[in-house]
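Notes follow once the structure below has been shown.
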Amino acid sequence: MPDTKTDYRATLNLPDTPFPMRGDLPRREPGWVREWEEQGLYKRLRDARKGRQKFVLHDGPPYANGQIHMGHAVNKILKDMIVKSRQLKGLDAAYVPGWDCHGLPIENAIEKKHGRNLPRDEMQAKSRAFATEQIGIQMADFKRLGVLGDWDHPYKTMEFSNEADEIRAFKRVIERGFVYRGLKPVYWCFDCGSSLAEFEIEYADKKSQTLDVGFQANDPAALARAFNVSRLPQGKDVFVVIWTTTAWTIPANQALNLNPELDYSLVDTARGLLVVASSLVERCLQRYHLQGGTVIATVKGRQLDGLQFRHPLYDVHAAYRRLSPVYLADYATADDGTGIVHSSPAYGLEDFTSCVAHGLKYDDILNPVQANGSYAADFALFGGQDIWKAVPAIIEALDQAGRLFATAPISHSYPHCWRHKSPVIYRAAAQWFIRMDEGKGVFTKDKAPATLRQMALAAIEETSFFPENGKARLRDMIAGRPDWCISRQRSWGVPLPFFLHKDTHELHPRTMEILDLAAGMVQAGGIEAWSKASPEEILGKVGAAADAAQYAKSTDILEVWFDSGTTHTTVLKGSHAGAGHENGPEADLYLEGHDQHRGWFHSSLLTACAMYGRAPYRGLLTHGFTVDAQGRKMSKSLGNGVDPQETWKKLGAEIIRLWVAASDYSGDIAGDEKILARVVDAYRRIRNTLRFLLANVNDFDPAKDSVAPAEMLEIDRYAMSRAAQFQNEVLAHYEVYEFHPVVAKLQVYCSEDLGAFYLDVLKDRLYTTAPKSHARRSAQTALWHITHAMLRWMAPFLSFTAEEAWKVFGTSESIFIEEYAELGAPDEALLAKWNRIREIRDVANKEIEALRAEGKVGSSLQANLTVAAPADDHALLQSLGDDLKFVFITSALALLKGDAVAVQVTPSSDAKCERCWHWRADVGSDARHPEICGRCVSNLFGPGEDRRCA
């Protein structure tokens, strides 16, 4: 006999959508990137927001050298999320990506390939070509990450117009009175062959050799008088003993520094009479292995001012037959060593300042260390030797001279080059500086009303910081920083277009005209045009051709931090004029890693204050570094990096984006395969929720099928209110550039608010009621609005997925043209009511789960509930009427009054409906449909069941 059983599954309104369950991200994402590019999406977004309020996130330029790493990805994705969230807010949120193109790493790459002796203009041309190639590689990767921006018109610091505008910006800083030339010790990197700015220094441990070295008194009688001693012990030499960690500076010593307020003692020992800080006598004698030392006299440091001592190598070579006078200085302390500082003014800023203040002329400062890290070839005893390798020879010479009292290895924090990770030194060189405090500048025309330090500190107070602790960090750096050395002795950079008198080293009197001329030449032909031009040609154009014999053309360049630090002008007012704000700070936000407090944030602040007296930004946002799960910074040497290219090939760029969004960027951002696997799981949960929403509005036409809010079922109005409440939270986080709380809350919203409650309750009504019934259309109306809202919430970080879903669901060409959904104000009373209902439902679910664990019921629909509740809760539950059972997803529910919430669960003894799976007494009540319940019969063939609340 044939089976005539009805297939009731075919009568259900089962969800359906072309939006696939699997994202297949690695395969499909490149197509979306290509589509965005081919459709000119970024320009369409700009057209859509034309005339709206601007939001300007100015891109801190990555360096055009090498393939991007995960740190680049984090930075660019954060920027993209912020810009997109502001775009969805309805603002004209443009994003102009940029590149830092000049500087040493590119020059080094060219030297490795072509040698170090290229003509200057050839080095520049090859560097320009190399940077262009690198930009192309990096740009492709940034696009692959789903970053939307003006990729057709990025900014590059090496564009002719930007190079020219940088010279014009420099001229403005000169006019404001901040630029001067001076001889001063500056950080010097032997690998760079150039001076470095404070921005380019980082500290790392270095192993050095400490030395205690004796300087013999030139006039022992004068020293005795200073100590108020009538007569010194006979036959004993007298030494001031210094302690240093920089043995290589001893040959260039020219003075000694003592603190005027410290006590110093004259100590009689087996090695002679020694002068050290009184509080350090015992430690010094112990270090020198001397026992039984006797303090003869003690005086304040000021009493020893002007005494002279012989260089430790005085008797070894005639070149060292010089005297080191005592100068008083507060920076000599008794914290360690001997309380006496030896002073080599060419190699220490404080030493230099002290010696110059005491009358030492610039021309008399000894500066034997060459740019490559070796002593000058004719330098006595150590000529031609590398200073680090010469340390053993210096120690041996001091020992043989009888001037070495102690030596020991030490590991200490020491300045290193940011690029090469190699130790740097202070080295005196004639350089150009931007002055932080009062002083006379060159060619001042429009003197600033305050010092640069004062203006910068005031500007910091007007700036918002994300996170807030960045404020103190930047403020402390500005408060304590020295003058900014802006000249470099390299080729690949914007020239300092100066002519200096060959004898006096004074600037040419027509310097300001020369600056204008240089800007024009560079505008037309790049920095190469200036390099190729002869002094006669240049000076001839300002009517001073006759001066070519007396003036030398400077070969220095502006350091690259001045390049990127002036992009607020060269880009936002120059190459991309109109991309920034017209009045006040040019940008709303600068965003970079926290190391940029001493880098781009810092240089941009100083240049803008020097030019305009204010910061170039309204806000500063900093993020941490990428680290592994153990907190170690990702690096190639450790092999602990997560490669973005391999990650998007394996998992998709969307997973990188979600990882970035889910991480608290205010600290370091941890990533490894396990962490990314958890991100993949989170992505699947969000995608599955989105797919359920899309699948259940597939047959919904909002123009015809929408239900007015007042006519919607109560639980649907609650879901709308909850969505409105959630959107308020999301937008509040976006307003202050927070993403990880949004991701965390969105996961909870999808799993708890939707998956575990609203959608769980809704399935019966969506699937079993008549397709066009009021009950089903009410649910679909809520789902349609929630889907609209959710796509916008996730679009800033899950950009590919939101756009993919929009192709299925939306009506405009892109989700990013849209604005946040209008959900109205949340109904607080309704939220409070249903939150309490959910709490009671959770109690019931625990009881049902206990019975399920015992095997007494299968699904919750097989359970019959009896719920006892106190008066207030009873009233809430009773207001739902017969729909209460649908909220609890049970086939039957009895409501009683009680003193407290209590739930009793019993297995149903009724039959199970083959269509809706409810266990009901009326299954088979219609003889024509013996396998289904009465409400299914009504929904299929009659007027349909009446749903009021759920």
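Keep in mind it's a predicted model, so treat the numbers as computed, not measured. Counting from 1, the numbers follow the sequence of the chain as shown. All heavy atoms count here, side chains included; hydrogens, waters and symmetry mates do not.
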For this session: For the pair Leu606 and Ile434, evaluate side chain to side chain contact (heavy atoms under 4.5 Å, CB included) and give the outcome as yes or no after the intermediate values.
Result: CA-CA 9 Å; Leu606 293 184; Ile434 290 179; 6.0 Å; no
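- Within the 3.5 Å criterion, the main-chain N or O of Ala548 finds no donor-acceptor partner in the side chain of Glu536.
- Contact check for His581 versus Pro585: no side-chain heavy atoms found under the 4.5 Å cut-off.
- For Trp600 and His58, the gap between ring centers is short of 6.0 Å.
- A donor-acceptor pair under 3.5 Å is absent between the side-chain atoms of Arg435 and the main chain of Tyr180, judged by distance alone.
- Partners of Gln489 according to the side-chain contact (heavy atoms from CB on, under 4.5 Å) rule, which considers only residues two or more places apart in sequence or in another chain, are Trp188, Ser194, Ser195, Gln431, Ser487, Asp556.
- In this structure the side chain of Ile557 never reaches within 4.5 angstrom of the side chain of Leu496, judged on heavy atoms.
- Without hydrogens or angle criteria, Glu163 side chain to Gly526 main chain gives no donor-acceptor distance under 3.5 Å.
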For this session: Could you please spell out the steps behind the side-chain hydrogen bond (donor to acceptor under 3.5 Å, both in side chains) verdict for Asp351 and His342?
Result: CA-CA 8 Å; Asp351 296 352; His342 103 86; over 6 Å; no
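- No donor-acceptor pair under 3.5 Å is formed between the side chain of Asp547 and the backbone N or O of Gln550.
- Taking the six-membered ring for Trp and thresholds of 30 and 60 degrees, Tyr327 and His358 have nearly parallel ring planes, at less than 30 degrees apart.
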For this session: Decide yes or no on side chain to side chain contact (heavy atoms under 4.5 Å, CB included) for Val186 and Phe433, but give the supporting numbers first.
Result: CA-CA 10 Å; Val186 294; Phe433 296 87; 3.7 Å; yes
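- For the pair Arg490 and Glu559, the salt-bridge criterion is not met [side-chain N within less than 4.0 Å of a carboxylate O].
- A salt bridge is absent between Glu107 and Arg116: the closest approach of a Lys/Arg side-chain nitrogen to an acidic carboxylate oxygen does not fall below 4.0 angstrom.
- When only modelled atom types and interatomic distance are considered, Ser354 and Asn257 share a side-chain donor-acceptor pair under 3.5 Å.
- Considering only heavy atoms from C-beta on, Ile514 comes within 4.5 Å of Phe499 through its side chain.
- By the 4.5 Å heavy-atom criterion applied to side chains, His623 and His594 are not counted as neighbours.
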For this session: Run the numbers on Trp248 and Tyr347 for ring pair (Phe, Tyr, Trp, His ring centres under 6.0 Å), then give the verdict.
Result: CA-CA 10 Å; Trp248 61 269; Tyr347 307 120; 5.2 Å; yes
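- Atom NZ of Lys421 sits in a crowded spot, with more than 12 heavy atoms from other residues, nucleotides or ligands closer than 6.0 Å.
- Applying the salt bridge (charged side-chain N to carboxylate O under 4.0 Å, His left out) rule to pairs touching residues 584-600 yields Lys79-Glu592, Lys573-Glu586, Glu586-Arg614, Asp588-Arg618, sequence neighbours excluded.
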For this session: Step by step, work out the side-chain hydrogen bond (donor to acceptor under 3.5 Å, both in side chains) result for Gln124 and Ser531.
Result: CA-CA 9 Å; Gln124 291 168 342; Ser531 296; 2.9 Å; yes
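- Ser604 and His568 share no donor-acceptor pair across their side chains, judged by distance under 3.5 Å alone.
- More than 12 heavy atoms of other residues, nucleotides or ligands sit less than 6.0 Å from atom NE2 of His114.
- Between Ile167 and Asp516 there is no side-chain heavy-atom pair separated by less than 4.5 Å.
- Without hydrogens or angle criteria, Tyr63 side chain to His102 main chain gives a donor-acceptor distance under 3.5 Å.
- Judged by distance alone, the side chains of Asp437 and Thr451 never bring a donor and an acceptor atom under 3.5 Å apart.
- The NZ atom of Lys171 lies 11.5 Å from the CE atom of Met611; values are rounded to the nearest 0.5 Å.
- Centroid-to-centroid, the aromatic rings of Phe178 and Phe170 stay 6.0 Å apart or farther.
- Applying the salt bridge (charged side-chain N to carboxylate O under 4.0 Å, His left out) test to pairs two or more places apart or on separate chains, those with a residue in residues 181-191 are Lys184-Asp483.
- The two residues Phe352 and Pro345 have their closest heavy-atom pair at CB-O, 3.2 Å.
- Checked for salt-bridge contact, Arg120 and Glu528 miss the test: no charged N lies under 4.0 Å from a carboxylate O.
- Looking at every heavy atom in both residues, Pro368 comes nearest to Gln370 through O-NE2, 3.0 Å.
- The local environment of NZ in Lys502 is crowded, with over 12 non-hydrogen atoms from other residues, nucleotides or ligands closer than 6.0 Å.
- By the 30° and 60° cut-offs, the orientation of the rings of Tyr414 relative to Trp388 is perpendicular.
- Here the shortest heavy-atom pairing between Gly593 and Phe601 reads O-CE1, 4.4 Å.
- Counting all heavy atoms, side chain and backbone alike, Ile106 lies closest to Cys101 at CD1-O, 3.0 Å.
- Thr244 contributes a side-chain N or O that, together with a main-chain N or O of Thr246, makes up a donor-acceptor pair within less than 3.5 Å.
- Between the SG atom of Cys189 and the CG atom of Leu104 there is a distance of 7.5 Å, given to the nearest 0.5 Å.
- Side-chain N or O atoms of Thr511 include none that pairs as donor or acceptor with a backbone N or O of Leu507 at under 3.5 Å.
- Residues His416 and Ser422 have side chains that never bring a donor and an acceptor to within less than 3.5 angstrom of each other.
- Rounding to the nearest 0.5 angstrom, the gap separating the CD atom in Glu350 from the SG atom in Cys355 is 11.5 Å.
- The line from NZ of Lys156 to OG1 of Thr132 is 5.5 Å long, rounded to the nearest 0.5 Å.
- In this structure, Asn117 places its CG atom where only 12 or fewer heavy-atom neighbours from other residues, nucleotides or ligands lie under 6.0 Å away.
- A salt bridge links Arg168 with Asp165: the distance from a Lys NZ or Arg NE/NH1/NH2 to an Asp or Glu carboxylate oxygen falls below 4.0 Å.
- Checked by atom type and distance alone, the side chain of Gln254 never pairs as donor or acceptor with a backbone atom of Ser343 at under 3.5 Å.
- Across all their heavy atoms, Pro154 and Trp99 have their closest contact at CB-CZ3, 3.8 Å.
- Side-chain atoms of Thr463 come within 3.5 Å of backbone atoms of Ala459 as a donor-acceptor pair (strictly under, hydrogens ignored).
- With hydrogens and angles disregarded, a donor-acceptor distance shorter than 3.5 Å links the side chain of Tyr155 to the backbone of Asp59.
- One distance of note links OG1 of Thr249 with CD1 of Ile425; it measures 9.5 Å at 0.5 Å rounding.
- Here OG of Ser491 is found 13.5 Å from NZ of Lys126. Values are rounded to the nearest 0.5 Å.
- At least one side-chain heavy atom of Phe562 sits under 4.5 Å from a side-chain heavy atom of Thr607.
- The shortest distance between side-chain heavy atoms of Arg128 and Trp492 falls below 4.5 Å.
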For this session: Give the C-alpha distance, both sets of side-chain angles, the deciding distance and a yes or no for side-chain hydrogen bond (donor to acceptor under 3.5 Å, both in side chains) between Ser344 and Asn253.
Result: CA-CA 4 Å; Ser344 296; Asn253 172 273; 4.8 Å; no
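- Proximity of Val494 to Trp530: side-chain heavy atoms (C-beta onward) are nowhere separated by under 4.5 Å.
- Of all the heavy atoms in Pro495 and Leu558, the pair that sits closest is O-CD1, 4.3 Å.
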